[in-house]
Amino acid sequence: MSKSKQAILRFYNTASRSIEEFTLPKDVPAVRMYCCGPTVYHYAHIGNLRSYLFEDFLRRTLEYFDYEVNHVVNITDVGHLTSDQDEGEDKMEKGAERTGKTVWEVAEYYTQAFFKDIDLLNIVAPTLWCKATDHIPEQIDLVQKLEAKGYTYNTSDGVYFDSLKFDRYADFARLDVENLQKGARIDMGEKKFVTDFALWKFSPADSQRAMEWPSPWGKGFPGWHIECSAMAMHHLGPTLDIHCGGTDHIRIHHTNEIAQSECATGQTFARFWMHGEFLRMGESSKMSKSSGDFLTLKVLLDQGYHPMEYRLLALTSHYRNYLNFSFEALDSAKDGLRNLHRRTDPLIGKATAISSDSALKWQHDFKSAMSDDLNTAKALGILNSMLRSDLDDGEKSALVLDFDKVLGLQLDKTMPEKAKQSSLATEEIEALIAQRDQAKAERNFIESDRIRDELANQGIKLQDTPQGTIWESE
RNA sequence: GGCGACAUACCCAAGUUGGUAAGGGACGGCUCUGCAAAAGCCAUAUUCCCCGGUUCGAGUCCGGGUGUCGCCUCCA
């Protein structure tokens, strides 16, 4: 235990744009980690999921290095408009329209769907999931604090944060505020400055919103960024050790979170900011959840892929680089996982202590790869090289289990069962295999090869082993 | 219009402080096998988008160019 602490964790901190050594302040017993979660108006797509995988690699790495982690992830179940003005549709209400459900049902449905994806991908559940709608009082409280300190002003449609009053506003995202002003694509409305943003929005007088709450400013709903600040600070305190999210959040969402949080408390909001880069689709670009055109995990599953295959694909690239998704790449992850299991499955149950110098060296190499800003691709390379080495099975087995604490590929279990997609029933397949075995025994290879071909046409692959014939479907 | 990222073999992809290109997949050869598969072995970028420069030495630093993409509107 003390041994692993010797390795130094180093992460890229968006705030400083450089790699820094990660340590915990002396009086802090557990890592205070907050990650921006999904807005549950639709399914999470595989690009979203890549981010949660990155956060999972981070969480598992911290624990691998003996840190206790207090990990909070929010569920945004309150709709935000598509712009500061009321010109856009509320995401949740749009989801309700699309599905014919109430906004609350929509939130519940997609929250459950999200949990299922997380579970399938073997992502460790956060210590706490928190919902925006369960923390309305905390959000109102935070807005009131800002109001009391003079950081807000009201317009006819809401309470706004006065970003010019926070002189470090542009620092985090290295914004060029003057040019932002010129290039703004969105109508300012009554806002005083481009970077000002809504803390609380008033419900329109003429229509009833599906989600609205009473507040000191009248009926309305929270602004887009306040929930994260309110929940993060409510559950983890004024300062977080790590705050994660997608890179798209840097400019707007996280900049605003910092502004409102630090103005309210006067303390640093987050010590480390870590951002996951996007998944790209072929030549086109990123997947867009709001456009409705995206790939979900379920689509992958329906096509016969296993969640661990996607997880392996995510592991092969670095979280701060684009990952170019293609089915060709997924297929290679699929074969890669199969090949990995061919090496690890025979080791199951053979684990001994990791004690030899060479075993400790492999472990050290793996650890240093992960400590180097989560170099999962390198760590995977070490796993492969270790498996091909002349280390004995007991230590190999133990190392596989050890590495998998971070990789999370479920290598402690045998190759996952593939969905049986053949039109043939299992009994028919086994009957044909029996016939083939008979033919083989009679050395009637013409017949045995005919059966092999027949099954191959059905997508069934046969493999003769010392233990008999086994099969798997494509 | 502003800001920024990336460019490594057929595909995915790693490359600390510059020192002579991980790993995975596919493909090819050999051994083994009735066949096939598995397994094992071997091979596989004189080269890192292009052009200059710094250096004994650059994928790695500097300058210029080209290309792709992202953000500036909710978005991981």
Side-chain angles (χ1 to χ4, degrees), chain A residues 10 19 35-39 41-42 44-55 76 79-85 87-91 94 173-187 194 224 244-253 275-280 283-291 294 312-313 315-318 320-326 328-340 342-343 368-369 372-373 375-385 388 440 443 445-446 448-449 452-453 456 461-466 469-470 472:
Chain A
R10 300 164 75 242
I19 290 186
C35 303
C36 287
T39 301
Y41 67 92
H42 213 317
H45 61 242
I46 59 175
N48 294 316
L49 263 11
R50 184 194 181 200
S51 281
Y52 302 110
L53 283 168
F54 141 58
E55 287 155 11
T76 298
H80 299 314
L81 300 176
T82 52
S83 83
D84 259 329
Q85 276 48 62
E87 60 199 27
E89 282 179 288
D90 181 292
K91 287 289 173 47
K94 204 170 168 184
R174 320 247 155 136
L175 299 174
D176 179 346
V177 176
E178 270 179 41
N179 281 314
L180 257 184
Q181 180 87 291
K182 287 182 213 150
R185 287 196 275 172
I186 289 297
D187 184 11
V194 250
W224 324 335
C244 306
T247 46
D248 55 323
H249 281 330
I250 297 171
R251 280 184 165 255
I252 306 285
H253 187 54
H275 294 92
E277 189 47 89
F278 280 130
L279 179 82
R280 284 186 181 174
E283 310 89 65
S284 54
S285 53
K286 69 166 187 172
M287 263 181 230
S288 171
K289 189 167 176 181
S290 51
S291 74
F294 53 76
L312 180 61
L313 179 62
L315 243 10
T316 60
S317 71
H318 187 90
R320 279 195 292 118
N321 281 149
Y322 293 105
L323 171 58
N324 294 307
F325 180 85
S326 65
E328 195 184 358
L330 221 211
D331 281 337
S332 80
K334 180 193 187 104
D335 291 335
L337 186 69
R338 186 197 61 209
N339 290 160
L340 195 51
R342 280 182 180 147
R343 291 179 190 277
S368 76
D372 181 18
D373 196 29
N375 195 335
T376 52
K378 192 172 180 183
L380 231 32
I382 290 161
L383 202 215
N384 278 300
S385 304
R388 268 190 285 102
K440 273 178 63 181
R443 303 196 68 77
F445 297 124
I446 293 174
S448 67
D449 287 349
R452 174 190 286 286
D453 290 343
K461 280 204 290 194
L462 299 186
Q463 202 182 126
D464 294 326
T465 73
T469 304
I470 60 171
E472 64 179 22

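Proteins come first, then strands; the chains are lettered A, B, ... in the order of their sequence lines, and each starts at number 1. Please read all numbers here as calculations on a predicted model, not as lab measurements.
Residue A:Arg343 places at least one side-chain N or O under 4.0 Å from the OP1 or OP2 atom of B:rG40. Put simply, A:Asn324 has a side-chain N or O that comes within less than 4.0 Å of OP1 or OP2 on B:rA13. Applying the 4.0 Å criterion to OP1 and OP2 of B:rG24, one finds that A:Arg388 has a side-chain N or O inside that range. Checking the phosphate oxygens (OP1, OP2) of B:rU16, no side-chain nitrogen or oxygen of A:Asn375 falls inside 4.0 Å. When the side-chain nitrogen and oxygen atoms of A:Asn384 are compared with OP1 and OP2 of B:rA22, none of them lie within a distance under 4.0 Å.
Checking B:rA36, B:rG23, B:rA26 against every side-chain atom of A:Arg338, the shortest atom distance belongs to B:rA26. Looking at the side chain of A:Ala377, the nearest of the listed nucleotides B:rG70, B:rG34, B:rA22 is B:rA22. Comparing atom distances between the A:Asn321 side chain and each of B:rG24, B:rA14, B:rA38 picks out B:rA14 as nearest.
One can place NE2 of A:His253 at 11 Å from P of B:rC74, the figure rounded to the nearest angstrom. For the pair A:Leu175 CG and B:rC3 P, the computed distance is 12 Å after rounding to whole Å.
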Run the numbers on A:Ser317 and A:Arg50 for side chain to side chain contact (heavy atoms under 4.5 Å, CB included), then give the verdict. CA-CA 11 Å; A:Ser317 71; A:Arg50 184 194 181 200; 3.1 Å; yes

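Across all strands, A:Phe54 comes closer than 4.0 Å to no nucleic acid atom at all (heavy-atom distances). Counting any heavy atom pair closer than 4.0 Å across all strands shown, A:Leu323 reaches sugar-phosphate atoms only and no base atom. At a threshold of 4.0 angstrom between heavy atoms, the contacts of A:Ile252 are confined to the sugar-phosphate backbone, with no base atom among them.
Between A:His318 and A:Asp373 there is a side-chain heavy-atom pair separated by less than 4.5 Å.
Under the Watson-Crick or G-U wobble criterion, with both distances below 3.5 Å, B:rG59 has no partner in any strand shown. Base pairing annotation: B:rG34 forms no Watson-Crick or G-U wobble pair, as no partner gives both donor-acceptor distances under 3.5 Å. The partner of B:rC71, taking Watson-Crick or G-U wobble pairs whose two distances both stay under 3.5 Å, is B:rG2. Summarising the base pairing, B:rA7 is matched to B:rU66 through a Watson-Crick or G-U wobble pair whose two defining distances lie under 3.5 Å. With a cut-off of 3.5 Å on both Watson-Crick or G-U wobble distances, the partner of B:rA13 is given as none. With a cut-off of 3.5 Å on both pairing distances, B:rA45 has no Watson-Crick or G-U wobble partner at all.
Below the 3.5 angstrom threshold, one finds a donor paired with an acceptor across the side chain of A:Asp449 and the base of B:rG34. Judged by distance alone with a 3.5 Å cut-off, a donor-acceptor contact links the side chain of A:Arg452 to the base of B:rC35. Judged by distance alone, with hydrogens and angles left aside, A:Asp464 brings a side-chain donor or acceptor within reach of the base of B:rC35, the pair sitting under 3.5 Å.
Among all heavy-atom pairs drawn from A:Ile382 and A:Ala369, the shortest one is CD1-CB, 3.9 Å.
Within the model, atoms CD of A:Glu55 and NE2 of A:His275 stand 10.0 Å from one another, a figure rounded to the nearest 0.5 Å.
No side-chain donor-acceptor contact under 3.5 Å links A:Thr469 and A:Arg452.
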